[in-house]
Amino acid sequence: METNRPQGAAQPRVLLVNLNTYDQPYPVYPLGLAYIDGALRKAGYETRLWDSRTSSEPVDQCAAKMKPDYVALSLRNIDNAQSHNPLSFVRNLSDCCSVLRKVTTAPLIVGGSAFSLFPTELLELTGADYGVRGEGEAPLVELLSALRDGRAPSEIPGVAWNESPRDSRCNECAAMQAGFTAEPAHDPGIISAYVSTGSIIGVQTQRGCPLKCCYCAYPHIEGRRSRFRTGAQVVEEMARLRALGVRYTFIVDSVFNTSERHIVDVCEALIAAKLDMEWECFLSPRGLTREHLKLMKRAGLKDVEFGSDSFSDPVLAAYGKSFTFDDIRRVSDDAQALDINYSHYLIFGGPGETPGSIEETLARAAEMPRAFFFATLGMRIYPGTRLWEKHGPPATGETREAFLATPRFHIEPPLTVQGMYERLRAFRETAPNWVVGDPPPAFVATMKKLRDRGLSGPLWEYIELLQRYQTHETQG
């Protein structure tokens, strides 16, 4: 991969490191680092992105050749959030820092959404020099400027640092009202590599989440106040991606329909641009109308993922959702009538869940034969959430490190992970439009073959067909 080298005098070099290798349901394009890259380039830095999935050489060899002045590492996820098969990714970050220490004296700076949840703990665990919590573009540029000028970085909002051994500090983030400060830098080679492996390239149209789900860390990471890109800015980025061969994108906002004005602005701009791009997004059933869906479809919407969480009203209330099952049924009917593929994400075992509410959700799901369902068991307990206050260290007296080292989940008594898993697996035997946890390896391999043949999008319908076929073969 080529290095971005500004013309003129040599500029400080920054090596950007993407460690994410988790590929369920598909490899995730490093959009956050693309934004960091864009901000650094705008500020005049020379950058290079080392990607764990696409780079041809180990990260230490890359660092030894580049001789960076700074190294910025991104950790996207703490773990895979699967209570029945937990997998932590923290060790990957720690090991990478150890490897880099052997080949470079450049300051190591850690960021990403996972770091934003446990900033001081991860700084101490990895031995990194600094960290950036929350939106990284402006704080990282300011941090590098301070380090170049010999100024103490301890006053910069969102920056974490080591006051002394075993004493890491982290500043509060800024008010997060400035919006997007730079456009993402999309490397053509990395884009091509991710598309070829079945990744859906992400586009962000807003940051912040005003919703109040009891378990969700989005407001803690991005803030509660929504900051929007204009429709023109979204079109400009999608046009750049289209020129790089991208035909299908994922709008990665926590929820796309937080503002009717934003929906109209983005969709009308996309319709006028005639990019011939299809896309999917997360939507909340709250306040979503058939007219909204019609407009989105005209703008290229093909697939919708609803963060429904449950089909039982008492459970929805306990989860902090702002809608009822009647809203879910209505938007599902609207999506089906408009021939928009749609899926529901469901979380079983959270606060208020009972064996009866599980059966209620399953019975109501059976009334939606055109939908696809993704089921998870238990709620990961993250800092900054109501679940953390009720079931995390503030309630148990344990350390924050304990919730970082071992993924912790809330399972409402008397439910158990094993019991829920067995019930859902049995239900799936007659419901091939369900995925419980990660898809089986055989299906992942088949999905790869379909991707290699040029199919794009989430491919839910193919997973359903494969599972239906498998059930038929087993029963036959």
Side-chain angles (χ1 to χ4, degrees), residues 1-2 4 16 18 20-39 41 47 49-55 74 76 180 182-207 228-254 256 263 265-283 296-305 340-341 343 447-462:
M1 183 190 314
E2 293 185 0
N4 173 59
L16 304 172
N18 174 38
N20 184 33
T21 59
Y22 191 59
D23 58 2
Q24 299 300 324
Y26 44 74
V28 178
Y29 173 70
L31 179 59
L33 273 181
Y35 269 101
I36 295 294
D37 198 1
R41 295 185 184 197
T47 63
L49 175 57
W50 182 89
D51 183 84
S52 58
R53 298 191 62 88
T54 65
S55 294
S74 174
R76 181 178 185 269
F180 294 77
E183 289 295 306
H186 294 299
D187 182 285
I190 292 180
I191 288 282
S192 177
Y194 270 87
V195 170
S196 69
T197 59
S199 175
I200 303 174
I201 305 302
V203 171
Q204 192 170 34
T205 77
Q206 61 184 293
R207 289 179 181 166
F228 302 100
R229 297 172 80 190
T230 66
Q233 290 171 329
V234 174
V235 164
E236 189 277 333
E237 183 183 357
M238 283 197 177
R240 285 195 289 131
L241 292 173
R242 185 72 169 79
L244 294 174
V246 178
R247 301 292 182 269
Y248 187 102
T249 65
F250 196 125
I251 292 181
V252 300
D253 310 351
S254 60
F256 180 56
I263 293 172
D265 181 33
V266 171
C267 290
E268 287 187 346
L270 287 171
I271 292 168
K274 299 179 180 179
L275 296 179
D276 190 27
M277 290 272 281
E278 292 182 323
W279 49 278
E280 69 175 300
C281 66
F282 296 111
L283 292 176
M296 292 181 205
K297 183 175 181 179
R298 287 181 58 210
L301 176 68
K302 182 183 178 185
D303 305 285
V304 171
E305 297 187 7
I340 297 172
N341 296 330
S343 65
M447 290 299 102
K448 183 179 184 307
K449 292 179 181 178
L450 293 173
R451 301 283 189 193
D452 291 342
R453 294 177 182 176
L455 293 177
S456 60
L459 303 184
W460 307 325
E461 62 270 34
Y462 293 96

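- Note that the CD1 atom of Ile36 and the OG1 atom of Thr47 stand 11.5 Å from one another [nearest 0.5 Å].
- The two residues Pro27 and Ser199 come nearest to each other via the heavy atoms O-OG, 2.8 Å.
- Considering every non-hydrogen atom in both Ala299 and Cys267, the closest pair reads CB-O, 3.6 Å.
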Show your reasoning for whether side-chain contact (heavy atoms from CB on, under 4.5 Å) applies to Met296 and Val304. CA-CA 10 Å; Met296 292 181 205; Val304 171; 6.0 Å; no
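- Summarising the geometry of Gly202 relative to Val252, their closest heavy-atom pair is CA-CG1, 3.8 Å, with the distance given to 0.1 Å.
- Ring geometry for Tyr29 against His186 counts as tilted: the plane angle lies between 30° and 60°, on a 0 to 90° scale.
- For the atom pair Ile190 CD1 and Leu244 CG, the distance stands at 11.5 Å (nearest 0.5 Å).
- Counting only heavy atoms from C-beta outward, the side chains of Asp187 and Leu49 never approach each other to under 4.5 Å.
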Could you go through the side-chain contact (heavy atoms from CB on, under 4.5 Å) check for Ile200 and Tyr248 one step at a time? CA-CA 7 Å; Ile200 303 174; Tyr248 187 102; 3.6 Å; yes
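- Taken to the nearest 0.5 Å, the CZ atom of Phe180 stands 7.0 Å off from the OG1 atom of Thr205.
- Going from atom CD of Glu305 over to atom CD1 of Ile251 covers 12.0 Å, rounded to the nearest 0.5 Å.
- Note: Ser52 OG to Asn18 CG = 5.0 Å, rounded to the nearest 0.5 Å.
- Side chain of Ser192 to main chain of Pro188: no donor-acceptor pair is present (N/O by atom type, distance under 3.5 Å, no hydrogens or angles).
- Between Gln204 and Glu237, the closest side-chain pair of non-hydrogen atoms is not below 4.5 Å.
- Asp265 is not listed as a side-chain neighbour of Phe228, based on a closest heavy-atom distance of 4.5 Å or more.
- Applying the side chain to side chain contact (heavy atoms under 4.5 Å, CB included) criterion to Thr249, with sequence neighbours excluded, gives Val203, Met238, Leu241, Val246, Met277, Trp279.
- The two residues Pro30 and Asp51 come nearest to each other via the heavy atoms CG-OD1, 3.8 Å.
- Judged as a side chain to side chain contact (heavy atoms under 4.5 Å, CB included), and not counting sequence neighbours, the contacts of Ala185 are Asp37, Arg41.
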Going through the distances and angles, do Glu183 and Arg229 end up as a salt bridge (charged side-chain N to carboxylate O under 4.0 Å, His left out)? CA-CA 10 Å; Glu183 289 295 306; Arg229 297 172 80 190; 2.5 Å; yes
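- Cation-pi contact between Arg207 and Tyr35: present, with separation from the ring centre below 6.0 Å and deviation from the ring axis of at most 45°.
- In this structure, the side chains of Arg242 and Arg247 come closer than 4.5 Å at one or more pairs of heavy atoms.
- A distance of 8.0 Å separates OG of Ser343 from CG of Asp303, quoted to the nearest 0.5 Å.
- The two residues Cys281 and Phe250 make their nearest non-hydrogen contact at CA-CE2, 4.0 Å.
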